[in-house]
Amino acid sequence: MFVEIVPCLKDNYSYVIIDPKTNKTCVVDPSESTPIIKFLEKKKLKLDYILNTHHHYDHIGGNEELKKKYNALVVGYKGDKNRIPSIDIEVEDQQTWSSGNFNAKIIFIPGHTIGHICFHFFGEKILFTGDTLFSLGCGRLFEGTYEQMWTSLEKIKALPRETKIYCGHEYTKKNSEFCIAYDPDNNDLKKKINEINKKRLNNLPTIPTTLGDEIITNIFLRSDNDDIKRNLNLVGSNSLEVFSKLRDLKDNF
Ligand code: ZN
Ligand code: FE
């Protein structure tokens, strides 16, 4: 399975998944149709499935046109069927969505929205996290609670560390500035920031990252870490309290 990054809008990433054996394809979160169509035409491919992580316009904006052009089927969360345009296949938490060689476990991860899911291609160890987990960050709480988001991040944390993370936006550099401000002695983070800066200087995506990398560098996933608690003057607080504080600080950073 190949995953190709298709930049959309200002800082969104859509992803085209290609099965080289059958030439079947999926697109994850098409913000808009034009860049996806251009990409598919260049590769002489058609589109079979549209996978949506959540209903925000910058993740579903291309649904209708792509569906019309390719007869592709839209896969989205059952609980959000009224907000995912042109949904065809409704999926639920813990279900495995399969078609041909595509096998993705659906994990319900509310917080950013109350209908957010991720697609875990467990065979390939690939995870599409939408706007829940970013590299060095996490999504804003537009609809859900701190507790929902923290629980969702913990679900992701439990997956294999080699898992490749493909998220919805190129926010990594900005996120890294927040992480280092509250985690200044983290050498793994410093190393990652060097890599990020090099990539961005050359206009390269910082995605995919890996879950293992994120667990040691992404401050939101480190809400249970004693160094972070000390840096925030929250020694004795639980992880949810630390996470909530971090989310508030980031909103005003
Ligand atoms: Zn969003
Ligand atoms: Fe988004």
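These numbers come from a predicted model, not from an experiment. By convention here, the first residue in the shown sequence is residue 1. The figures here come from the full heavy-atom set of this structure, side chains too, leaving out hydrogens, waters and symmetry mates. One-based numbering, in listed order, for ligands and for the atoms of each.
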So which N/O/S atom does H112 have closest to the Zn ion (ligand 1)?
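Nearest to the Zn ion (ligand 1) within H112's N, O and S set: NE2.
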
Do you see an N/O/S atom of H59, backbone or side chain, under 2.8 Å from the Fe ion (ligand 2)?
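Of the N, O and S atoms in H59, at least one lies under 2.8 Å from the Fe ion (ligand 2), which means yes.
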
Does K125 have more than 12 heavy atoms from other residues, nucleotides or ligands lying within 6.0 Å of its NZ?
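Count not over threshold, so no.
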
How about W97 and Y49: are their ring centroids closer than 6.0 Å?
yes

Among the N/O/S atoms of D58, the Fe ion (ligand 2) lies closest to OD2

The Zn ion (ligand 1) and H54: any N/O/S contact shorter than 2.8 Å?
yes

Of all the N, O or S atoms in H56, which has the shortest distance to the Zn ion (ligand 1)?
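Looking at H56, the N, O or S atom with the least distance to the Zn ion (ligand 1) is ND1.
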
Which label fits H116 and H112: parallel for a plane angle under 30°, tilted from 30 to 60°, or perpendicular past 60°?
perpendicular

Would you please classify the geometry between the H169 ring and the Y171 ring as parallel, tilted or perpendicular, with 30° and 60° separating the classes?
parallel

With a cut-off of 2.8 Å, does D29 put an N/O/S atom close enough to the Fe ion (ligand 2)?
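Short answer: no, not a single N, O or S atom is under the cut-off.
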
Just give me the atom name: the N, O or S atom of D131 closest to the Fe ion (ligand 2).
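Distance check against the Fe ion (ligand 2) picks out OD2 in D131.
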
Aromatic plane relationship, F178 with Y182 - under 30° parallel, 30 to 60° tilted, over 60° perpendicular
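Correct class here is tilted.
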
As a quick check of understanding, evaluate side chain to side chain donor-acceptor pair (under 3.5 Å) for Q94 and K105, giving each step before the final call.
CA-CA 6 Å; Q94 301 301 311; K105 182 153 173 197; 2.9 Å; yes

Y13 side chain to D29 main-chain N or O, any donor-acceptor pair under 3.5 Å?
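Not a single qualifying donor-acceptor pair exists.
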
Closer than 2.8 Å to the Zn ion (ligand 1): does that hold for any N, O or S atom in D131?
yes

Just checking: H169, one of its N/O/S atoms, less than 2.8 Å away from the Fe ion (ligand 2), yes or no?
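Under 2.8 Å: H169 contacts the Fe ion (ligand 2) through an N, O or S atom.
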
